[in-house]
Amino acid sequence: MNKEYYVLTVEDTSSAEYTKNYWKKSPEFSLWKYVRENGAYPEQIPDLDLEIRIYDDVEFNRLNDFILSPIDKLCISEKVKNIMEHYCLPEHRFFNVDVYMPKKRNKVDANYYALHYDFTYIQNDILGMIDYEKSNIRIKTNAGEYLLVRDRKDVENLPIHNRTISEMISKLSQTAKLREKNQKQISALSEEYWEFERVDKIYFNRSFDFSMDLFQIPYFSWMIYISDKLKEELERNCITGITFSIPGNKQYLVYRPNPILEWV
């Protein structure tokens, strides 16, 4: 029997930012950069020394099980970690996070973790599970032309294409004199940038992996999706700091990609 999926949203009632001490340490190792360049996690990951501080504002300074913070992807309590470990997650890693409360600047007497996973560079194959013909996904150029997306390779080519355009423009714009000389060429190149047209509905094909309890869809959605089983377990354990909604439901005043999900 197929699972149902819900959008998991972290509330801002527990919000945090990196501490000044974290920025002072300026970690040399970038996990995001490594994953982007290698498509995998390194065998040995150094301690990321993650530190966050809960905001002072009364409306944002609760200590929930989920904390809204700049940490990628989720900042969770040990209680949540213990639950997540029993469900089918994408390839992932947990990292210790030191959480500090406002005003007193004291470290909380509880364990928190960063749950890091990736659906863009680590091959979790979610892009291969999309039915592109039914989803009617198109690429729009700055010049107003449209390109039909036929498969995952077309999707993966978009950031590569845009990065190539950026590098070409950068070479033509290294000095003010060069920018002036190459103005027409730079303008023409700028029209070659691509972007995905808004997608209101995503169809998944029969290869969709219903064993997944958590996933994201790169490029077409900003949402985190969890299975009905994981949702029920989080609710049963009274986990704080999250809300659930149906994919496609409008949640924000400003548009955030949140397509309806369908299965063929």
Side-chain angles (χ1 to χ4, degrees), residues 8 10 16-53 65-100 107-108 110-130 151-167 170 207-209 211-227 230 241-242:
L8 180 150
V10 181
E17 60 186 346
Y18 285 125
T19 64
K20 291 180 180 178
N21 188 48
Y22 170 80
W23 290 116
K24 284 178 182 177
K25 287 183 285 189
S26 300
E28 294 181 6
F29 176 79
S30 169
L31 181 59
W32 175 83
K33 184 178 179 182
Y34 185 95
V35 167
R36 186 189 70 181
E37 293 177 352
N38 296 276
Y41 288 111
E43 290 186 12
Q44 297 292 330
I45 303 176
D47 188 351
L48 299 181
D49 294 321
L50 296 173
E51 289 186 2
I52 57 174
R53 175 182 168 275
D65 289 303
F66 280 78
I67 299 176
L68 184 65
S69 77
I71 285 175
D72 196 9
K73 292 286 188 174
L74 294 168
C75 182
I76 58 176
S77 67
E78 186 167 29
K79 186 177 179 181
V80 177
K81 177 177 179 288
N82 292 339
I83 293 171
M84 291 286 194
E85 288 176 329
H86 290 89
Y87 285 81
C88 185
L89 305 180
E91 187 176 352
H92 61 281
R93 299 290 186 275
F94 290 106
F95 303 98
N96 293 323
V97 180
D98 290 336
V99 179
Y100 292 85
K107 181 181 172 183
V108 302
N111 295 324
Y112 276 82
Y113 301 88
L115 168 56
H116 191 283
Y117 58 86
D118 179 89
F119 274 94
T120 304
Y121 302 107
I122 295 177
Q123 195 52 267
N124 289 302
D125 207 36
I126 196 74
L127 293 176
M129 301 176 193
I130 294 175
D151 53 39
R152 59 181 293 169
K153 288 184 178 178
D154 288 342
V155 177
E156 292 167 345
N157 280 339
L158 185 142
I160 296 171
H161 171 86
N162 284 352
R163 192 156 54 244
T164 301
I165 296 298
S166 293
E167 289 169 356
S170 180
S207 71
F208 184 85
D209 183 4
S211 71
M212 294 187 296
D213 288 304
L214 183 152
F215 71 92
Q216 286 191 256
I217 310 171
Y219 308 112
F220 309 124
S221 173
W222 288 8
M223 304 298 126
I224 297 171
Y225 303 98
I226 65 168
S227 67
L230 178 52
I242 48 175

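- Residues Ile126 and Met212 form a side-chain contact, since some pair of their non-hydrogen atoms from C-beta on lies under 4.5 Å apart.
- Proximity of Leu115 to Phe94: side-chain heavy atoms (C-beta onward) are separated by under 4.5 Å at one or more points.
- Put simply, the side chain of Ile52 reaches to within 4.5 Å of the side chain of Cys75, judged on heavy atoms.
- For the residue pair Ile242 and Val10, the shortest heavy atom distance occurs at CG2-CA, 4.3 Å.
- Expressed to the nearest 0.5 Å, how far OH of Tyr22 lies from CG of Leu50 amounts to 5.5 Å.
- Between Cys88 and Leu230 there is no side-chain heavy-atom pair separated by less than 4.5 Å.
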Pair Tyr117-Leu89, side chain to side chain contact (heavy atoms under 4.5 Å, CB included): steps then yes or no: CA-CA 9 Å; Tyr117 58 86; Leu89 305 180; over 6 Å; no
For Val80 and Tyr113: C-alpha separation, side-chain torsions, deciding distance, then whether side chain to side chain contact (heavy atoms under 4.5 Å, CB included) applies. CA-CA 9 Å; Val80 177; Tyr113 301 88; over 6 Å; no
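- For the pair Ile224 and Leu74, the minimum side-chain heavy-atom distance is below 4.5 Å.
- There is no side-chain donor-acceptor pair under 3.5 Å between Asp118 and Thr120.
- Judged purely by atom type and a 3.5 angstrom limit, Asp151 uses its side chain to pair as donor or acceptor with the backbone of Asp154.
- A donor-acceptor contact shorter than 3.5 Å is absent between the side chain of Asn38 and the backbone of Ala40.
- Ring pair Phe119/Tyr225: centre-to-centre distance not below 6.0 Å.
- Residues Leu214 and Tyr87 fail the side-chain proximity criterion, which asks for heavy atoms closer than 4.5 Å.
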When you look at Val155 and Tyr219, which way does the side chain to side chain contact (heavy atoms under 4.5 Å, CB included) test go after all the steps? CA-CA 8 Å; Val155 177; Tyr219 308 112; 3.4 Å; yes
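- Taking all atoms of both residues into account, the shortest heavy-atom contact from Tyr18 to Ile71 is OH-CA, 3.8 Å.
- Between Ser227 and Asp213, the closest heavy-atom pair is OG-OD1, 2.6 Å.
- For the pair Phe29/Leu48, a side-chain contact is recorded, criterion being any heavy-atom separation below 4.5 Å from C-beta on.
- With rounding to the nearest 0.5 Å, the separation of CD in Glu37 from CH2 in Trp32 is 8.5 Å.
- Atom CD1 of Ile165 sits about 12.5 Å away from atom OG of Ser170, to the nearest 0.5 Å.
- The CE atom of Met84 sits 7.0 Å away from atom CD1 of Ile226, with the distance rounded to the nearest 0.5 Å.
- Side-chain contact between Phe95 and Ile45: present, with at least one pair of heavy atoms (C-beta onward) separated by less than 4.5 Å.
- Between atom CD1 of residue Ile76 and atom CG of residue Asn111 there is a gap of 11.5 Å, rounded to the nearest 0.5 Å.
- Under a 3.5 Å cut-off, the side chain of Ser166 and the backbone N or O of Asn162 do form a donor-acceptor pair.
- One distance of note links CZ of Arg53 with CG of Asp98; it measures 15.0 Å at 0.5 Å rounding.
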